[in-house]
Amino acid sequence: MEAVSRMVGQLAGSGLTAMRVIDSHTGGEPTRVIIEGGPDLGSGPLPERKKHFAERFDGFRLRTVLEPKCSEATVGALLCDDVAPGCNAGAIFFNNTGYLDMCGHGTIGLAATLAYLGRLELGQHLIDTPAGIVRIDLLSPNKVTVENVPSYCFRKDVVVDAGDLGPVTGTIAWGGNWFFLVDQSPVPLLADNIPALTEAATRIKLALAAQSIRGADEAEIDHVEFSGPSPAPGVDGRNFVLCPGLAYDRSPCGTGTSAKMAHLAETGRLEPGRTWVQESIIGSRFHGSYSYDEHHRLIPSITGEAFVFADVRLVSQPGDPFEHGIG
Ligand code: PYC
């Protein structure tokens, strides 16, 4: 670690800048954690730091998660210290279009990254995020349960006019991000249909914005989730999730599975404590369940696996025309 700090310093002194990042994937969905060399956002509450990041240091986001440096699906996480009392670490999540309040697959990736670094022991820990504190249980160096923020259905039976797709009925739900949940996918949920699923979900996302259909406090609904059955034994459902930057989630989406379970609970289709096995469009799985806290808020738990595959320095050379990404 010290060697890397020295090297980061030397590079900075020579006109090059560098960040140490660790890449992992959770059920196929990538997470890139900035370990060193990220922006100094001070020690305020994470929602404030997220605002500061977006307003003053967005270049770090662009340099970290845009092509040509990584896949369009990558979620970045800035590892933060000096976080809420009792928390082991904190993270601000971001992607190719902006910032996320919470990210389920990213939290699993972060935990596997901290375990890889030897900074997290097996057992329970608290992680600070802009959406609130989440509890994680590191079950092995790769297997993690995330007890997410309280999740709920905001509006049911919402009809959006999606042009050629016709009227589409869905539920607006919160699982740490805002989702429009469509129970019956307008396109068969098959990996071969990913381009058609992406197109249909994009159409719905744009229609929601155009028709001013929003979440609480007028929040933008930036994720669209299609659901349907899965033929795989032991799986309760398959999904397709469109993320804000119009990439699809390769994992079953932690916040999306949380929103889905809130909807299943609300409609009497899933009892507290029962396991819901959620499959992604590429066949990766999360095991979910929920309980109620003392305020009768629904608290989802998601278990998944993440694997670290790169521990590298991103460098920026002076004169690189695509230093801040393509697009
Ligand atoms: O797992 O919560 C999630 C997530 C959000 C966006 C991509 N993955």
Side-chain angles (χ1 to χ4, degrees), residues 23-33 50 61 64-66 70-78 91-113 127 129-132 134-136 143-152 173-181 194 197-198 201-202 205 215 219-227 237-263 276-282 284-288 290 299-307:
D23 287 344
S24 62
H25 75 87
T26 308
E29 180 77 351
T31 305
R32 171 166 281 180
V33 183
K50 181 185 120 186
R61 178 182 69 80
T64 308
V65 292
L66 288 196
C70 62
S71 147
E72 57 166 10
T74 302
V75 169
L78 175 68
I92 298 173
F93 298 104
F94 50 94
N95 61 16
N96 54 352
T97 46
Y99 296 79
L100 295 164
D101 285 324
M102 171 54 194
C103 181
H105 94 266
T107 304
I108 295 170
L110 173 73
T113 295
I127 304 287
T129 79
V134 298
R135 183 183 300 278
I136 60 165
K143 190 169 179 181
V144 184
T145 297
V146 180
E147 200 174 272
N148 196 4
V149 295
S151 300
Y152 62 98
W174 171 257
N177 291 300
W178 283 106
F179 286 82
F180 191 69
L181 306 174
I194 286 171
L197 287 159
T198 302
T202 302
K205 180 173 158 11
E220 182 194 355
I221 301 167
D222 53 4
H223 294 72
V224 175
E225 178 169 347
F226 297 149
S227 296
R238 180 181 288 171
N239 70 13
F240 171 88
V241 177
L242 185 77
C243 296
L246 308 184
Y248 74 93
D249 198 331
R250 279 69 170 162
S251 85
C253 191
T255 51
T257 302
S258 299
K260 172 79 187 176
M261 289 194 296
H263 182 43
W276 175 266
V277 181
Q278 182 67 62
E279 182 184 50
S280 74
I281 193 67
I282 64 158
S284 53
R285 293 175 190 179
F286 284 164
H287 285 66
Y290 71 89
I299 310 294
S301 288
I302 307 290
T303 302
E305 285 188 320
F307 296 88

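On a predicted model such as this, the values are computed, not experimentally measured, just so you know. We count ligands from 1, going down the list as the structure has it; atoms in each ligand are counted the same way.
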**Asked** Does some side-chain heavy atom of L100 sit less than 4.5 Å from a side-chain heavy atom of H223?
**Response**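 In short, these two side chains touch, coming nearer than 4.5 Å.
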**Request:** Indicate yes or no: at least one non-hydrogen side-chain atom of N239 is less than 4.5 angstrom from one of K260.
**Result:** no
**By side-chain contact (heavy atoms from CB on, under 4.5 Å) - contacts of S284 (at least two apart)** = P252, S280, I282
**Asked** In terms of the angle between their ring planes, are H25 and F307 parallel, tilted or perpendicular, with boundaries placed at 30° and 60°?
**Response** tilted
**OG1-NZ distance between T129 and K50, expressed to the nearest 0.5 angstrom** =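 One gets 9.5 Å once the value is rounded to the nearest 0.5 Å.
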**Message:** Please check this pair: side chain of R250 against backbone of G27, looking for a donor-acceptor N/O pair closer than 3.5 Å.
**Reply:**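 No: the side chain of R250 does not pair with the backbone of G27.
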**Request:** Compile the protein residues with any heavy atom at a distance under 4.0 Å from an atom of ligand 1; present them by chain, then by number.
**Result:** E29, C103, G104, H105, H223, C243, D249, C253, G254, T255
